[in-house]
Amino acid sequence: MSTPLSIPKLAYIQAFSAVAKHGSITAAARSDGRSLQTLSRHIAALEADMGVILFDRRSDGLALTKIGANIFEHAEEVVIAAASFARAASDQNIAVAGTIRVTASKTIASFLMPDTFADFSKAQPEIKVELAVTDETVNVLLREADITVSMSPPTQQLNLIFKKIGELELAVFAATDYLTRRGSPRSLADLQGHDIIGQDGSQEDFRAMGVPIGPNFFRFNCDDQTVTWQMIAAGCGIGLGHLRLGMANPRVQRLLPEIPIIKVPVWLTAHAEIGTNLRLRTVFDFLSDSLSDKLA
């Protein structure tokens, strides 16, 4: 089995290329901006790593050895490739065009994201968006998403940028058709005689509103917030809905306005590289502004 090839450090190759091109360490230092000591040390380290002599040290300066002359062209290729690599990485950070992966909870994705991204597509036509809908915890640090919109702040906050962008307000709604058929509850106690639609967390939400909940309080239970809202609008019964969404829907009415509104905080999270990545910053700022308005 052959011994793995040892790859010299890029800085050593750059030092060799600069000195070979300019003919002396002094001239290379003047052009390159590195000190004479650094260039000398890097060339000596390169020769030691490779086990060759690259320059003849003479009284009038340095001269490439035969080996040095043979590999100079390859060194130039490495330096050019490294510069191209750096420019490509920089271009990725400053380019707006490209793809951003956003994750959002089911509630946010269903009720707020469609209108938000409709506006976004007009403002930023060159940015593509991958929207992943999940109520599971997403790790931005592991690049499972570029940006998350969730109901809780990140548990790991190091190397992350996050902000509370508003609150999702929940109130009690029912369809006009349902109320015509069953009558409107006038008090919290009246809810006991109605068909109540529940979902994950509804028991805690209704209790927070001061509603007494018995063992048979819910007529329907649904594990999807979007379907729950569609059931309310269809006339299946009374349930909790997004306040702004409900007030804009002519099919439903808000009930018992004296009951305190449930307020659920909404958080926007991104990787700390937002400071150098223009595309990430552009999407983060747009979502922050748009969703803040919708949650106001």
Side-chain angles (χ1 to χ4, degrees), residues 1-101 124 126-130 139-147 154 156-161 269-285:
M1 182 180 296
S2 60
T3 303
L5 186 64
S6 177
I7 306 297
K9 292 183 178 180
L10 176 60
Y12 298 170
I13 298 174
Q14 290 172 319
F16 165 68
S17 176
V19 173
K21 186 189 306 180
H22 293 285
S24 73
I25 293 179
T26 301
R30 206 162 31 236
S31 173
D32 193 66
R34 284 181 283 185
S35 69
L36 297 173
Q37 293 80 2
T38 297
L39 288 173
S40 297
R41 187 172 63 253
H42 285 179
I43 290 173
L46 180 61
E47 290 178 325
D49 287 349
M50 298 178 63
V52 298
I53 300 299
L54 300 174
F55 294 99
D56 284 327
R57 277 74 174 173
R58 303 187 307 201
S59 59
D60 59 344
L62 299 177
L64 283 170
T65 62
K66 184 177 181 180
I67 293 176
N70 288 340
I71 68 171
F72 172 64
E73 181 179 343
H74 299 294
E76 279 287 83
E77 292 174 354
V78 171
V79 172
I80 292 171
S84 297
F85 180 90
R87 282 195 298 271
S90 177
D91 288 344
Q92 291 300 308
N93 285 339
I94 64 174
V96 175
T99 302
I100 289 290
R101 179 175 174 81
Q124 298 293 340
E126 294 185 342
I127 299 180
K128 297 180 181 179
V129 175
E130 295 178 355
N139 194 321
V140 176
L141 289 176
L142 295 181
R143 304 295 177 161
E144 294 174 351
D146 296 306
I147 297 173
Q156 167 58 264
Q157 299 178 355
L158 188 65
N159 294 324
L160 294 176
I161 300 297
T269 303
H271 194 277
E273 74 175 18
I274 193 172
T276 58
N277 189 313
L278 180 58
R279 180 167 61 253
L280 184 59
R281 167 61 70 181
T282 298
V283 179
F284 187 92
D285 288 346

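We number each residue from 1, following the sequence as shown. What you see is a predicted model; the values in this text were computed from it and never measured.
Looking at residues two or more places apart in sequence or on another chain, you find a side chain to side chain donor-acceptor pair (under 3.5 Å) between Arg281 and Asp285. Applying the side chain to side chain donor-acceptor pair (under 3.5 Å) rule to Glu76 yields the partners Ser17; only residues at least two apart in sequence or on another chain are considered. Applying the side-chain contact (heavy atoms from CB on, under 4.5 Å) rule to Arg58 yields the partners Asp56, Asp60, Ala63; only residues at least two apart in sequence or on another chain are considered.
The NE2 atom of His22 sits 9.5 Å away from atom CG of Leu39, with the distance rounded to the nearest 0.5 Å. Rounded to the nearest 0.5 Å, atoms CD (Glu47) and OH (Tyr12) are 12.5 Å apart. Note that CG of Leu46 and CZ of Phe55 are 9.0 Å apart. Values are rounded to the nearest 0.5 Å. Between the CG atom in Leu278 and the OG1 atom in Thr282 there is a gap of 4.0 Å [rounded to 0.5 Å].
Considering only heavy atoms from C-beta on, His42 comes within 4.5 Å of Thr38 through its side chain. Within the 4.5 Å cutoff, side-chain heavy atoms of Val78 are placed close to those of Leu10. Using a 4.5 Å heavy-atom cutoff, the side chains of Lys128 and Ile100 are not in contact. Residues Arg279 and Asp146 have side chains not in contact (no heavy-atom distance under 4.5 Å, counting atoms from C-beta outward). Taking 4.5 Å as the limit, some side-chain heavy atom of Phe16 sits within range of a side-chain heavy atom of Leu64.
Residues Met50 and Ile71 approach most closely at CE-CD1, 4.0 Å, considering heavy atoms. A pairwise comparison of heavy atoms in Ile43 and Val19 identifies CD1-CG2, 3.4 Å as the closest pair. The shortest heavy-atom contact between Ile53 and Ile67 is O-CB, 4.3 Å. Among all heavy-atom pairs drawn from Ser40 and Ile25, the shortest one is OG-CD1, 3.2 Å. Residues Arg101 and Glu144 approach most closely at NE-O, 3.0 Å, considering heavy atoms.
Partner Ile147 forms a side-chain contact (heavy atoms from CB on, under 4.5 Å) with one of Ile161, Thr269, Val129, Leu280 and no other, that one being Leu280.
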